[in-house]
Number of protein chains: 2
Amino acid sequence: MAAESKPLRSDAARNRDKLLVAAAQTFAERGLDAPLEHIARRAGVSIGTLYNHFPTREALLEAILPQRLAALEEINASALADPDPWSGFVGLLEGIFTLQAEDHSLNDAMVQSFSLSTDMSQACGGGLGDVERIIERAKAAGRLRADFDVQDLVTLVWAMSQVIRESMDTAPGMWRRCLSFFIDGLHAEPAAQPLPSR
Amino acid sequence: MAAESKPLRSDAARNRDKLLVAAAQTFAERGLDAPLEHIARRAGVSIGTLYNHFPTREALLEAILPQRLAALEEINASALADPDPWSGFVGLLEGIFTLQAEDHSLNDAMVQSFSLSTDMSQACGGGLGDVERIIERAKAAGRLRADFDVQDLVTLVWAMSQVIRESMDTAPGMWRRCLSFFIDGLHAEPAAQPLPSR
DNA sequence: GAGAAAGTTGAGGCAACCCTCGATTTAGTT
DNA sequence: AACTAAATCGAGGGTTGCCTCAACTTTCTC
């Protein structure tokens, strides 16, 4: 929105960078509610300085997460670029969860951004149109069951986030197995039971 | 193990009961890490009295949860009693998650009891033999895919617990839809893709 | 290199929750 | 009614994390 209103003093710019690095690492390791003091210490800076640059935890997150979530755009893009709509769709799922499995903060963020509606969710919401397109394309090709929609993907993200959280430190990759089961339930053919209503 | 070693004084017995009721309600509403002070206040008793009766949070939980988890035994029993192995298996899943959806503390407990191995998980573990039998029966009938096992059920509990947690206050019942998708992936027939390894 | 503006610091106040222990009250007994 | 063991009470000390602000230090400019 505002261009950089004030040019930062050199030491301030340096500290801001150190804070961003430390925050990214700490959040990735310990999740979105990691203590801000840890971040300040890791950056070699006092807690007051942290608050100077980022008056709230959210400000700090907004400085970090959009960059990370940008990877989602790429995932969307290559899903759409896939000539096979179904494998594009499956690639989307695998891409999302691989991302979440690599980074505690993304895992947390994916859950929260769909609960709360922060500015951050827009960064992600920008890509949500693409997601819809990927889903529709797979349906139109007769490969994805017709009653699956974006909200169901959100629910799936909730579900997988917990699987990832519980297993990421002890058995990373376990989530793939769970996802496989789920994907096998998403094929168009069986149309086993009519779904319960929303 | 020990029979009631000392008969409680009448007021103590009364307070203990009030604490158990208050704790059950509070945990059900707010999850397993609800503040103990809330429970004491709700029981009309001081925090010191709570600690008198239950020296740790775990002691309190062990006095409450086994009773609640006993419902699982019934669910197992009626799943095994079902003449159709597949619908017994599906009934098992629905039973478990219905329970979790009614009670925050059970939802938390089902996740934690599979992570940590407390005494509590044994109450649940006692029934795990039954669960295995239900799974095997559905496989033997050729209805449940052969590569599904108990560990996969644990993973499913993790997954569904998050869906339930996120939706139970705003859209209770939404989890059923998610479960349907998953169940449709568990049929024996499609055997779509070989699963990724553990 | 001196002055002003910008930035940094960390102790300290606040809040939530945990748990303890000496003073006090109560239930049961003779 | 008096006594005692059992039970209760709740203030207080400990911890963790949040956030602020007045005193200090650094950078930048002239």
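- Of the residues in residues 16-26 of chain A, not one places a heavy atom less than 4.0 Å from an atom of DNA chain D.
- Here the side chains of A:R16 and A:F54 are in contact, with some heavy-atom distance below 4.5 Å.
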For residues 22-29 of chain B, run the donor-acceptor check on the side chains, cut-off 3.5 Å, and write out each pair with its distance to 0.1 Å, sequence neighbours left out.
residue	atom	partner	partner atom	Å
B:Q25	OE1	B:R42	NE	3.0
B:Q25	OE1	B:R42	NH2	3.3
B:T26	OG1	B:A22	O	2.8
B:T26	OG1	B:R42	NH1	3.1
B:E29	OE1	B:R42	NH1	3.4
B:E29	OE2	B:R42	NH2	3.0

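- Ring geometry for A:F89 against A:F148 counts as perpendicular: the plane angle is over 60°, on a 0 to 90° scale with 30° as the lower cut.
- If you walk DNA chain D from 5' to 3' and mark each nucleotide with an atom closer than 4.0 Å to a heavy atom of chain A, the marks span D:dG17 to D:dC28.
- From the 5' end on, the contacts that DNA chain C makes with chain B at under 4.0 Å to a non-hydrogen atom open and close at C:dC17 to C:dG28.
- With sequence neighbours excluded, the residues forming a salt bridge (Lys or Arg N to Asp or Glu O under 4.0 Å) with A:E136 are A:K139, listed by chain and number.
- Nearest heavy atom pair, residue B:I135 against residue B:D149, reads CD1-C, 4.1 Å.
- The side chain to side chain donor-acceptor pair (under 3.5 Å) test applied to A:N15 returns no partner, not counting sequence neighbours.
- B:D82 meets the salt bridge (Lys or Arg N to Asp or Glu O under 4.0 Å) test with no other residue; sequence neighbours excluded.
- With sequence neighbours excluded, no residue forms a side chain to side chain contact (heavy atoms under 4.5 Å, CB included) with B:Q67.
- Between B:P55 and B:S10, it is B:P55 whose nearest contact on DNA chain C lies nearer the 5' terminus.
- Evaluation of the side chain to side chain contact (heavy atoms under 4.5 Å, CB included) rule for B:I75 yields B:L72, B:L92, B:L99 as partners, not counting sequence neighbours.
- Within residues 34-53 of chain A, the residues approached by DNA chain D to less than 4.0 Å at the level of any non-hydrogen atom are A:P35, A:L36, A:E37, A:Y51, in residue-number order.
- At a threshold of 4.5 Å between side-chain heavy atoms, the hydrophobic network of Ile, Leu, Val, Met, Phe, Trp and Tyr places A:V150 and A:L186 in one connected group.
- Two residues, B:D33 and B:R14, neighbour DNA chain C, and the one matched to the more 5' nucleotide by heavy-atom proximity is B:D33.
- By the side chain to side chain contact (heavy atoms under 4.5 Å, CB included) test, A:F97 pairs with A:L93, A:Q100, A:L156, A:V157, A:M160, A:I164, A:W175, A:L179, sequence neighbours left out.
- A:H104 approaches A:G31 most closely through the heavy-atom pair CB-N, 3.5 Å.
- The salt bridge (Lys or Arg N to Asp or Glu O under 4.0 Å) check on A:R133 picks up A:D130, with sequence neighbours excluded.
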